[in-house]
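Notes follow the structure.
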Amino acid sequence: MRIKFAIPALVVISALALSGCVDNSTGTETDGGGAVDVGIDSAAAALLPDDVKASGKLVIGIDPTYAPNEYKDDAGNPIGWEVDLGDAMAAKLGLETQYEISSFDKIIPSVTGGSYDIGLSSFTDNEEREKSVDFVNYYEAGIQWAQQIGKDVDPANACGMTVAVQTTTYEETDELPAKSKECTDAGKEPINILKFDKQDEATNALALGRADAMSADSPITQYAVSKVADKIELAGDSFDTAPYGIAVQKDSPLAAALQAALQSMIDDGSYKSILEEWGVFSGAVSEIAINAATTS
């Protein structure tokens, strides 16, 4: 069951919810200011499926509740470093972007069903997800915990603690259940996994003392701490690094086109510029892979 609490406005760190779609031009603008311009890579564009090429756009499923990767500006439009990356990647392919705002758990089914061309929303590439979609890998993120200031939380010894997490993320589906099982197998209290639909709700649960800790991908936890620095702090270093992947229909030639476009961005420096602008370059990769969970 998903658990929700009322959240006082003082500690809310996300914008208002919005449903629908957003069209972006092929230019990309970062939150820190300064556009990253990229040119069309004709070799990458030549790999596009005919239907995508003819449409002139890339329809992208996104759940903008995971700052700074993807979240909403004051007008409800998706922003974040992954949005900037997606815009630049599309520009490399001579396409515009159309972002379809969705709940996280509905993105992959919408990709497999053909409603979206791709899913770009901090998906951890793992073997289970690769049964449904292919992943174009573009980043490496670890897991990182946060705690209330002055507390002493050890992610490796969290039996009996309440840990806030966003539903359907790797932390909710894999990390915390595995840790909790280790606790019960050892005769200790399980971890109480406090689940929220949105990451900002999990962050606020920790800030308000409704959870002992929070677990999320390293860039998300670090960003959350920077925004609520008077209430929460990092609980140790990041661990269990895993690849992020863009979800694409199985065996679609679109995966190779995206791979080529992103590799072109690495080669020309635009990939580095976007990640550095957002302060997340520590997870950068030097080579774009496909299905790294099963091929690396």
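Any value given below was found using the heavy atoms of this structure, including those in side chains, with hydrogens, waters and symmetry copies removed. Residue indices begin at 1 and follow the sequence shown.
Pairing each heavy atom of Ile191 with each of Ala158, the nearest pair is CG1-O, 3.4 Å. Scanning all heavy atoms of the two residues, the minimum distance from Pro109 to Thr112 falls at O-OG1, 2.9 Å. Taking every heavy atom of both residues into account, Gln199 and Ala216 meet most closely at OE1-CB, 3.9 Å. Considering all non-hydrogen atoms of both residues, Thr97 and Gly86 come closest at CG2-O, 3.8 Å. Shortest non-hydrogen contact noted between Leu47 and Ala256 is CD1-O, 3.7 Å. Contact record, Ser252 with Pro49: OG-CG, 4.3 Å, taken as the closest heavy-atom pair.
Around atom CG of Asp230, more than 12 heavy atoms belonging to other residues, nucleotides or ligands sit under 6.0 Å away. Other residues, nucleotides and ligands contribute only 12 or fewer heavy atoms inside 6.0 Å of the NZ atom of Lys181. Heavy-atom contacts from other residues, nucleotides or ligands closer than 6.0 Å to NZ of Lys53 number more than 12. Around the CG atom of Asp267, the shell of radius 6.0 Å holds more than 12 heavy atoms that belong to other residues, nucleotides or ligands.
Using a cutoff of 4.0 Å between basic side-chain nitrogens and carboxylate oxygens, Asp268 and Lys92 are scored as salt-bridged.
Between Ile101 and Pro64 the shortest side-chain heavy-atom distance falls below 4.5 Å. The side-chain heavy atoms of Leu194 and Phe196, taken from C-beta on, include a pair separated by under 4.5 Å. Taking 4.5 Å as the limit, every side-chain heavy atom of Lys57 sits out of range of all side-chain heavy atoms of Leu95. Between Phe135 and Pro243, every side-chain heavy-atom pair lies at or beyond the 4.5 Å cut-off. With contacts defined as side-chain heavy-atom distances shorter than 4.5 Å, the pair Gln249/Leu254 does not qualify. Side-chain atoms of Leu208 and Lys231, non-hydrogen and from C-beta on, never get closer than 4.5 Å to each other.
Here the side chain of Glu172 pairs no donor or acceptor atom with the backbone of Val165 at under 3.5 angstrom. Although no hydrogens or angles enter the test, the distance criterion places no donor-acceptor pair under 3.5 Å between the side chain of Ser180 and the main chain of Leu176. Not one N or O on the side chain of Thr221 forms a donor-acceptor pair closer than 3.5 Å with the backbone of Ser218. The main-chain N or O of Thr294 is never found under 3.5 Å from a side-chain atom of Asn291 such that the two would form a donor-acceptor pair.
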### Message
Does Asp197 form a side chain to side chain contact (heavy atoms under 4.5 Å, CB included) with Thr167? I'd like the steps, not just the answer.
### Response
CA-CA 6 Å; Asp197 291 343; Thr167 56; 4.0 Å; yes
### Criterion side chain to side chain contact (heavy atoms under 4.5 Å, CB included) on Val285 and Asn137, from CA distance to verdict
CA-CA 9 Å; Val285 298; Asn137 307 109; over 6 Å; no
### Message
Please evaluate residues Met214 and Thr203 with respect to the criterion side chain to side chain contact (heavy atoms under 4.5 Å, CB included), reporting the C-alpha separation (whole Å), side-chain torsions for both, the decisive distance (0.1 Å), and the verdict.
### Response
CA-CA 7 Å; Met214 177 188 83; Thr203 301; 3.4 Å; yes
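With 3.5 Å as the limit, one finds a donor-acceptor pair spanning the side chains of Tyr244 and Asp217. For the residue pair Asp105/Thr168, the side-chain donor-acceptor check at 3.5 Å is not satisfied. Between the side chains of Thr124 and Asn126, no donor N or O sits under 3.5 Å from an acceptor N or O. Gln98 and Glu96 are not linked by any side-chain donor-acceptor pair at a separation below 3.5 angstrom, with hydrogens and angles left out of the test.
Both Ile220 and Phe281 are assigned to one and the same hydrophobic cluster, defined by single-linkage of ILVMFWY side chains at heavy-atom distances under 4.5 Å. Hydrophobic clustering (ILVMFWY, side-chain heavy atoms < 4.5 Å, transitive): Ile40 and Leu48 are in distinct clusters. Ile108 and Ile246 are members of different hydrophobic clusters when ILVMFWY side chains are connected at heavy-atom separations under 4.5 Å. Cluster membership for Leu58 and Tyr99, using ILVMFWY side-chain heavy atoms within less than 4.5 angstrom, is shared. Criterion: ILVMFWY side-chain heavy atoms under 4.5 Å apart, direct or through other members. Under it, Ile107 and Tyr138 are not part of a common hydrophobic cluster.
For Tyr223 and Trp81, the ring centers are positioned 6.0 Å apart or more.
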Only distances under 3.5 Å count here; give the side-chain donor-acceptor pairs of residues 116-123 to other protein atoms, sequence neighbours excluded, each with its distance to 0.1 Å.
from, atom 1, to, atom 2, distance (Å)
Asp117, OD2, Val59, N, 2.8
Ser121, OG, Asp63, N, 3.0
Ser122, OG, Asn69, ND2, 2.8
Ser122, OG, Glu70, OE2, 2.7
Ser122, OG, Glu82, OE1, 2.9

Contacts table for residues 141-150: side-chain donor-acceptor under 3.5 angstrom, sequence neighbours left out:
from, atom 1, to, atom 2, distance (Å)
Gln144, OE1, Gln222, NE2, 2.8
Gln144, NE2, Gly236, O, 3.0
Trp145, NE1, Glu175, OE2, 2.9
Trp145, NE1, Ser215, OG, 3.1
Gln147, OE1, Val153, N, 2.8
Gln147, NE2, Lys151, O, 2.7
Gln147, NE2, Glu233, OE2, 2.9
Gln148, NE2, Leu206, O, 3.3
Gln148, NE2, Ala207, O, 3.4

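Between Ser102 atom OG and Ile60 atom CD1 the span is 13.5 Å, to the nearest 0.5 Å. Interatomic distance, Met161 CE to Asn192 CG, rounded to the nearest 0.5 Å: 12.5 Å. One finds the CG atom of Leu85 at 10.5 Å from the OH atom of Tyr139 (value rounded to the nearest 0.5 Å). In this structure, the separation between CD on Glu130 and OG1 on Thr295 is 7.0 Å, given to the nearest 0.5 Å.
When each of Glu201, Gln166, Lys198 is tested with Thr65 by the rule side-chain hydrogen bond (donor to acceptor under 3.5 Å, both in side chains), just one qualifies, namely Gln166.
Every residue was checked against the ring pair (Phe, Tyr, Trp, His ring centres under 6.0 Å) condition with Tyr66, not counting sequence neighbours, and none meets it.
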